[in-house]
Amino acid sequence: MLFNTLANRNKRLKNISTCALIVGMTLAGQSVADDRFKDVAITSTQLTESTYMFVGAGGNIGVSVGTDGLLIIDDQFAPLADKITASLNMLQAGMPKYIVNTHYHGDHTGGNAHFGEKGTIVAHHNVLKRLSSDSKTPSSALPVITFSDHISIHFNQDTLDVFHLGPGHTDGDSVVRWEKANVIHMGDLFFKDRFPYVDLDGGGSVMGYRDNVAAVIAKIDDNVQIIPGHGDLANKSDLLKFKHMLDDSINWMKAHKDQGHSLQDIKKMGLPEQYKTWSWAFINEDKWIDTLYKDL
């Protein structure tokens with residue numbers, strides 16, 4: 001009897017220690033995540049009387065502010081939600097009424113759970129499909145309104161056209177255009193002066209990406225202000241420069257494949273010299289060549 005009592009006590013102590021270890025590891029992991037973003041500042045650039053661009057860590061945020069309230073396009077990483085809220089409240093008090101997701105990636109949707117508690121999330125059907133496939137995604141982080149090709153949001157004396165052009169960066173990309181303000185948010189269909197990330201596992205397509213960029217160029221004029229998914233505020237010339245890089249990359253890879261060159265040989269030759277500076281931390285020259293080779 002004494003032996004059983006001692007055994008049960010030791011088992012309880014072991015379970016308590018295990019739980020304490022798990023909690024400690026979880027808190028430590030959270031601390032590391034918070035430390036990663038503790039020095040991130042959210043900077044604001046005013047584009048028109050009622051539109052802004054926020055830059056922090058992750059995808060750039062588009063903001064509409066006015067008599068109807070606040071609307072944001074993308075919301076970066078979860079640990080930045082309070083900082084984003086504080087920056088929004090410097091423009092106007094309150095929480096966003098609408099949150100538009102340009103696609104499903106966490107550096108653009110990480111704040112969904114926070115902002116979705118009070119606001120309505122809008123996205124393409126496939127964003128809901130991909131976010132809801134992860135059992136860890138809370139219900140407040142899921143899009144409430146979804147669409148197939150196009151939806152219009154009439155807000156702050158302007159119309160925001162939210163449209164899907166087919167697979168490109170992912171299979172659920174949205175581009176958002178303010179009709180009156182002449183501002184367009186490209187999401188990750190535009191990495192300014194950088195090689196793009198084409199998420200082939202997420203339904204992306206190199207050719208679709210290039211064609212979608214071309215379709216956007218056909219819709220805009222020379223006075224447009226373009227919010228890229230990543231990078232500085234841009235204009236039509238910047239987007240044309242980006243498309244030329246895509247065209248040249250595709251043609252370059254197709255020529256090598258037609259000549260029967262292996263991936264290893266293509267990497268040894270490298271991309272044309274004028275695109276060497278387009279490499280960056282996430283998509284360097286090697287990864288861009290991998291993407292082109294695999295998808296083409």
Side-chain angles (χ1 to χ4, degrees), residues 40-65 71-76 84 87 91 100-103 105 107-108 158-165 168-170 173-199 204 206 208-250 271 274-285 288 291:
V40 173
I42 306 299
T43 61
S44 172
T45 300
Q46 185 170 9
L47 308 183
T48 70
E49 183 178 352
S50 61
T51 60
Y52 292 78
M53 170 178 160
F54 281 7
V55 177
N60 294 327
I61 298 173
V63 181
S64 173
V65 56
L71 175 152
I72 61 174
I73 302 165
D74 290 341
D75 48 40
Q76 300 193 351
I84 294 168
S87 294
L91 304 179
V100 179
N101 290 160
T102 60
H103 60 288
H105 290 152
D107 61 326
H108 294 254
D158 207 335
T159 297
L160 283 76
D161 292 318
V162 187
F163 53 93
H164 171 71
L165 295 167
H169 173 61
T170 69
D173 305 325
S174 290
V175 174
V176 185
R177 180 178 62 179
W178 282 261
E179 287 186 356
K180 293 180 182 177
N182 200 16
V183 173
I184 191 163
H185 193 309
M186 294 279 294
D188 278 2
L189 280 173
F190 186 20
F191 289 72
K192 185 177 181 292
D193 299 329
R194 309 178 190 181
F195 294 132
Y197 171 42
V198 181
D199 184 359
V206 170
Y209 193 117
R210 190 275 308 276
D211 292 346
N212 291 346
V213 171
V216 171
I217 290 172
K219 294 175 179 286
I220 59 178
D221 61 30
D222 292 337
N223 298 316
V224 70
Q225 296 184 83
I226 304 174
I227 302 174
H230 298 266
D232 298 333
L233 183 67
N235 55 35
K236 186 175 182 178
S237 293
D238 295 317
L239 190 58
L240 283 166
K241 177 182 174 184
F242 181 68
K243 181 182 176 292
H244 292 156
M245 181 278 298
L246 295 172
D247 288 334
D248 289 348
S249 294
I250 289 169
L271 283 160
Q274 68 263 36
Y275 297 121
K276 298 293 185 182
T277 60
W278 289 66
S279 287
W280 57 294
F282 188 49
I283 305 296
N284 57 24
E285 180 179 353
W288 180 227
T291 300

For this session: Drop me the distance from H185's NE2 to F190's CZ, to the nearest 0.5 angstrom.
Result: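 Here the interatomic distance stands at 12.0 Å.
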Exercise. Can you tell me how far the CG atom of N182 sits from the OG1 atom of T51, to the nearest 0.5 Å?
Worked result: 10.0 Å
Exercise. Just by distance, with hydrogens left out, do D74 and T102 show a side-chain donor and acceptor under 3.5 Å apart?
Worked result: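 Note: D74 and T102 side chains meet the donor-acceptor criterion.
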For this session: Go through the side-chain N and O atoms of W288 and S249 and say whether any donor and acceptor fall under 3.5 Å apart.
Result: yes
Exercise. Residues two or more places apart in sequence or in another chain: which of them pass ring pair (Phe, Tyr, Trp, His ring centres under 6.0 Å) with F54?
Worked result: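 Here no residue qualifies.
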I want to check something: taking the side chain as every heavy atom from C-beta on, are [X] and [Y] in contact at a cut-off of under 4.5 Å?
{"X": "M186", "Y": "I226", "result": "yes"}
{"X": "I220", "Y": "L239", "result": "yes"}
{"X": "N60", "Y": "P228", "result": "yes"}
{"X": "L47", "Y": "L233", "result": "yes"}
{"X": "L165", "Y": "D173", "result": "no"}
{"X": "D211", "Y": "V213", "result": "no"}
{"X": "F195", "Y": "Y275", "result": "yes"}

Exercise. Excluding sequence neighbours, so at least two apart, what forms side chain to side chain donor-acceptor pair (under 3.5 Å) with D107?
Worked result: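 Scan of D107 (side chain to side chain donor-acceptor pair (under 3.5 Å), adjacent residues dropped) gives H230.
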For this session: Taking atom CD of E49 as the centre, report whether more than 12 heavy atoms of other residues, nucleotides or ligands fall under 6.0 Å from it.
Result: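 No, because the 6.0 Å sphere around CD of E49 holds 12 heavy atoms or fewer from other groups.
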Exercise. Is it the case that K219 places NZ or CZ above or below the six-membered ring of F163, under 6.0 angstrom from the centre and within 45 degrees of the axis?
Worked result: yes
Exercise. Has the side chain of E285 got a donor or acceptor atom that lies under 3.5 Å from a matching backbone atom of L271?
Worked result: yes
For this session: Scan for salt bridge (charged side-chain N to carboxylate O under 4.0 Å, His left out) pairs involving residues 175-195, sequence neighbours excluded, and state none if there are none.
Result: D161-R177, D193-K241
Problem set entry | D221/K236 ion pair, N-O < 4.0 Å |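 Result for this pair is no, no salt bridge flagged.
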